[in-house]
Amino acid sequence: MSESRKEKLEAIDVHVHFGGVKALNGVNLSLQSGDILGLIGPNGAGKTTMVNVLSGFQMPHPGTVKLNGENVSNLSARKMARAGIGRSFQSARLFPKLTVLENLVIPGLGIGLSRRAATSQARDILDWIGYREDPDRQCDSLPYSDERRISIARALALRPSFALLDEPASGMNEQECDRLMQIITRIPQEFGCGVVLIEHNMHVIMGVCHRIHVLDGGKSLAEGTPDEVKKDPKVLRAYLGEQASRPEAVI
Amino acid sequence: MTHFIQVLIDAVAIGSLYALVALAIGLVFGVMRLINFAQGDYITIGAYSLVVPSAAATPALMFGALPWPAMILCVILTVVVLALVTERLAFRPLRNSDLTSLLISSFAVSYFLQSLILMVHGGRPKTVSIGDALSRAVEIFGVRLPGVQLLTMVVALTLLIVLVLFLKKTPIGIQLRAAAEDFQMARLLGVPANRVIAIAFAISGILGGTISLLVIIQTGTLDIRMGLMPTIFAFFATVIGGMGSLPGAVVGGYIMGILSVLLQAYLPAELRPFRDAGVFSIVILILLVRPQGIFAKTAKERV
Amino acid sequence: MLKIEQVVAGYGRLTALKNIDLRVDKGEVVFVVGPNGAGKSTLLKTISGLMAPTSGRISFQGERVDGKAPEQVCRKGLALIPEGRHIFKTLTVQENLLVGAMIRKNAMEVRADMEMVLETFPILRERYNGVAGHLSGGEQQQLAIARSILQRPTLLMIDEPSLGLAPLMIDQVYSSLRQLNQTGLTLLIVEQSTGRIMDLASRIYVLRNGNVVLEDAPGNLANGNALDAAYFGFSDNAA
Amino acid sequence: MLILKRMFPVIALVVPLIIVVFVIDQFGTGNMQRVSTEALVRLVFAVGLYMFVGNSGILSFGHMTFCAVAAYASAWQTCCSMMKPTIMSGLPAFVRDNTFPLIPSALTSVGLAGAVALVSGLVLMRLSFFSASISTLALLVIMNVVFANWTTVTMGNSTIVGLPVYVTIWGALAATVVVIVLAYLFQNSRWGLMLRATREEEVAAQASGVSLYWSRFIAFTLSGFVAGLAGVLFAHFMGTVSLSNFFLNHTFIIVAMLVIGGMHSLAGVVVGVALISAVTEVLRQAEAGYSIGGLSFAVPPGTQELVLAVTMLLILIFRKDGIMGGKEFRWPWPARSDRLAIEERKVASVQRSS
């Protein structure tokens, strides 16, 4: 991935309100191609809302989202996908009656590839992610961990500049998590894109992310390398509550 | 001036009629996510219960021969029983299937009921006359108004008010509204699912039976598909008003009623027969501007 | 009072609860904590009857309740405030409370309880005839608790009471929960963060990946390491 | 070899149809030929409706509109040249005063139906999933009201008679085969696949760059053309055109066939139409009265519709995806290249586990 084509995704002073609840309250975030940015925080901190804003499913008001310096805040989810923002979903949301291969062909068609190009790209990604089973199998009969991997593959099939992964490791055991971590670490080199990773599994977050952004109650609490964030008392308190704010406690 | 009052009375009468059907459909949709095509056939069967089943064009009266109060009671009872039976047999097994299957199932039930009427009463339209005393015109503020219009307006309005009071004030009414808004939570608080759905269908039966009578008094003709148009109008009333919102259904009903009356009154003579086409074209334009309806209750699906 | 034995439950292929054993005794305040996706909400849905467990037994005051419909379970004295509170936004505060008291027979008692509830949560008296949808997050939470108390449950289950509330409001909610427990109401509370629960909890279960990984009184959990390890699946050395 | 495997789902439908038509043509009675031709025309319409409903998941009540537009358009051009100036005086002079050859009039009629589908699709497909479905009902009502009252052009509710009858069983079969192949190619085309993605998961489809509007619009327009073709075939099979043929009860029968056969696969449509057409024909004769061994009995009128409605409800309750369950007839024997792939995987998995 040539160094010169560094792309930049920024969220500037993003606010989102649902009825009385302030889901996001002035959050600033930015990453470049090749970065893996972890996005963590207790439940209801605004993580998924942030991904929805970055992927065009939720309009920030006020606040702007910039892709390579260009304001894309009011682009629709479809236009954001074609502009290079691929995402997966917390509940996978694969196309159940379509086959595994077809699920990966759809994003290819979405960005305008021909049927043949989209299919060959889909097969490459299946190999890359280590999926050896029958590609013509319908997704509603996939085992759970395969379903999670294919939902990541589908985001990558969009040839995104930035891949937003929403809790890919949820419900996975330790062994599956390790395999997932290998996949995620290799995404930037293989696809030349940046990754935003929402995850509750600290093991995965600590093992994969270059930087981590911590949200709580819709506000940015801290941002830094995994080691810095691990030691930051504010983060511990938000995560583990009062008694955990003693210095030697470590997550 | 009298023309304007006439249009006004018509608008309120037809508006209330559509509002009643829209409420019946909105209630059933609220508790079960089902758009009930069969509501039209409840109205048709209520009307046909006035006559003795036969192939004759002017059949002998059955319930129609009874004194007023008994006739009204029998017709409404027939339709309520019919609504409860269709819920129990056809819709209960489909309770948590998806929107499209529910829509298709109500389409199938409607077709089943129509074929039943075809079998019992034959296909040809029939005439029946009840309450001809009402067809005399009535003099108000120097304006001659057909008695039937006044009756429709009065009955429809009172029934609407009674129903709103029932929903607002009585415990069962409150439970029904709670279930219509959040069915799972209502059950967690002890509201029994089967009873609430049955009540919603029973109310749609009462409304259906009343409308059968009002339509028959106005038109005097029995036709297999007489319930269809008011029901389609009511579908769009609920969609414009905002799916699942009961006040929305009532407002939607009046919008449809006023639209059709205005077009009827003010369209040039040769375009007047195309009134319904005009109403539905306007409705589609409204949906384009505001797809989720006026009282949109459910927020956009959060990802 | 409440016993859960080898309960397995899930959604299609995802088994959210893998063989859970848990109990709540009279007068206790039991907390169930764990990261997102650990199966906490599924646990409450299964107990309350919103979901039928695939296997295992749930008994309340000695009587089997697994697989019963929510409207029957709540009549046995087992109330649930689900995640997101689910108050009826188009109904008034009063109507919300009336639905809560619906399963009660004795009107006199209900009126007395209504007074008590409006005493505990004054904001509800203020907005009594207002539409519930206009209440703030914290006020909606109080209405949800008040509505469930009117069911006069013997065991009240709450799914993440602090979700989306300002810290000040969370303290208020927890103090009213403590007040209720002191009047004899048993509580089973699912929570995300373990911060505020230490002084209120009688016992804590930590759930991860559908299994109970730790069960203990707050006293001997105070040093935190055991809790961190259970919560995050690794202790200091493995990080 | 690969082509055979890819086109197998179509071949598995077309070949049996050809065989059945051949048998009926040779040995069937006049009545059987008539019933089978009508069933084939109905199949053309059902496949047209399937192209939109099956792929988009949006139930359309309005496709009979395009059927009616094409039937009337063909009638205006080919029928009753002598009487036309008097009974259809409202027609534009150019059409009123002369009659057109069959093929061009058929093509223009299908074109007109397609144009109406295009225009209404531009508007209706902007609506959300559910209001689009209900609004197709409005489309049907609008067509019905306009045609019923535009008497100088459509002769209102009375029937236009005297259209040339040129649709034979083989003609209907040819149209059916063309339409089935077209539907299969569309559902596997880029637009067909993207549309099926929106049916499965609207949100995920948008996140994959798929446009709900355009994918639904293309299917709606295409299916409008096919429904138009069915309209022309129907008009020139019956020789008459009457508005009552294009309203809700015909729509119901086709929707029932789609639901019973299985709305989400081409095989489902063909199986549904074939099965229901056979069953309704048997019932129709029962209604007309059988005489077996001297005693004749007749089933009361309306039994057909009753049985159809009950079957549909049972299918919805017990086998939601219909007889074919959304599946096509797949190539049963794994092709050589697939067999190798499966062997490989077995070897690989043995290594992994040992």
Side-chain angles (χ1 to χ4, degrees), chain A residues 51-52 54-57 76-89 91-99 101-119 122 130-136 138-140 151 154-160 163-164 166, chain D residues 5-6 54-55 57 185-215 218 262-265 268 320-322 324-328 330-331 334-335 337-339 341-353:
Chain A
V51 167
N52 289 345
L54 291 174
S55 58
F57 278 96
S76 72
R78 184 177 70 84
K79 289 196 178 71
M80 285 294 266
R82 293 166 84 102
I85 307 288
R87 68 163 296 175
S88 74
F89 294 90
S91 52
R93 286 184 185 254
L94 292 181
F95 305 123
K97 293 268 190 315
L98 301 189
T99 67
L101 191 65
E102 282 168 345
N103 265 265
L104 301 189
V105 165
I106 296 286
L109 298 177
I111 55 173
L113 294 180
S114 73
R115 187 71 200 284
R116 191 166 293 98
T119 311
Y131 178 82
R132 293 285 175 272
E133 276 69 29
D134 173 10
D136 291 333
Q138 279 194 340
C139 281
D140 51 16
S151 76
R154 186 174 60 178
L156 298 174
L158 208 58
R159 285 214 189 123
L164 318 178
D166 195 347
Chain D
K5 178 173 179 308
R6 225 165 58 75
N55 291 317
L185 292 179
F186 171 69
Q187 78 183 29
N188 287 316
S189 71
R190 77 186 273 114
W191 286 105
L193 197 55
M194 286 201 279
L195 180 61
R196 279 191 288 143
T198 67
R199 172 195 73 197
E200 300 282 313
E201 241 297 338
E202 229 177 65
V203 167
Q206 287 175 304
S208 305
V210 175
S211 155
L212 303 183
Y213 179 69
W214 289 112
S215 49
I218 288 173
M263 272 211 297
H264 294 320
S265 75
K320 196 169 97 55
D321 290 331
M324 290 305 292
K327 301 261 185 314
E328 301 291 357
R330 282 274 164 252
W331 175 261
S337 57
D338 288 10
R339 268 205 307 283
I342 294 176
E343 251 65 39
E344 247 167 53
R345 262 198 302 284
K346 284 210 188 70
V347 170
S349 62
V350 166
Q351 274 149 5
R352 242 201 323 263
S353 54

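Atom set for the values below is all heavy atoms of this structure, side chains included, hydrogens, waters and symmetry mates excluded.
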Minimal heavy-atom distance between D:S208 and A:R154, with the atoms involved, is OG-CD, 4.1 Å
Given D:G326, D:A205, D:S215, the one with more heavy-atom pairs under 4.5 angstrom with chain A than any other is D:A205
Closer than 3.5 angstrom, by distance alone: can the side chain of D:R196 be matched with the main-chain N or O of A:F95 as a donor-acceptor pair? no
Okay, A:S114 and chain D: the region with an atom under 4.5 Å from a heavy atom over there is backbone
Can you tell me if A:R82 uses its side chain to pair, donor with acceptor, with the backbone of D:G209 under 3.5 Å? yes
Honestly, the part of A:L158 sitting under 4.5 Å from a heavy atom of chain D is side chain
The interface call for A:L113 against chain D, heavy-atom contacts under 4.5 Å, is backbone
When rounded to the nearest 0.5 Å, the distance separating CH2 of D:W214 from CZ of A:R78 is 9.5 Å
Looking only at A:I111, A:L98, A:I85, A:V105, most heavy-atom pairs under 4.5 Å shared with chain D are made by A:L98
Here the gap from A:T99 atom OG1 to D:L193 atom CG, rounded to the nearest 0.5 Å, amounts to 8.0 Å
Query raised in the report: Are A:K97 and D:E200 within salt-bridge range, i.e. N to O under 4.0 Å?
Result: no
Note: A:L94 and D:E201 closest approach over all heavy atoms is O-CG, 3.8 Å
d(D:Q206 CD, A:K79 NZ) to nearest 0.5 Å is 10.5 Å
Nearest heavy-atom approach of A:F89 to D:A207 is CZ-CB, 3.6 Å
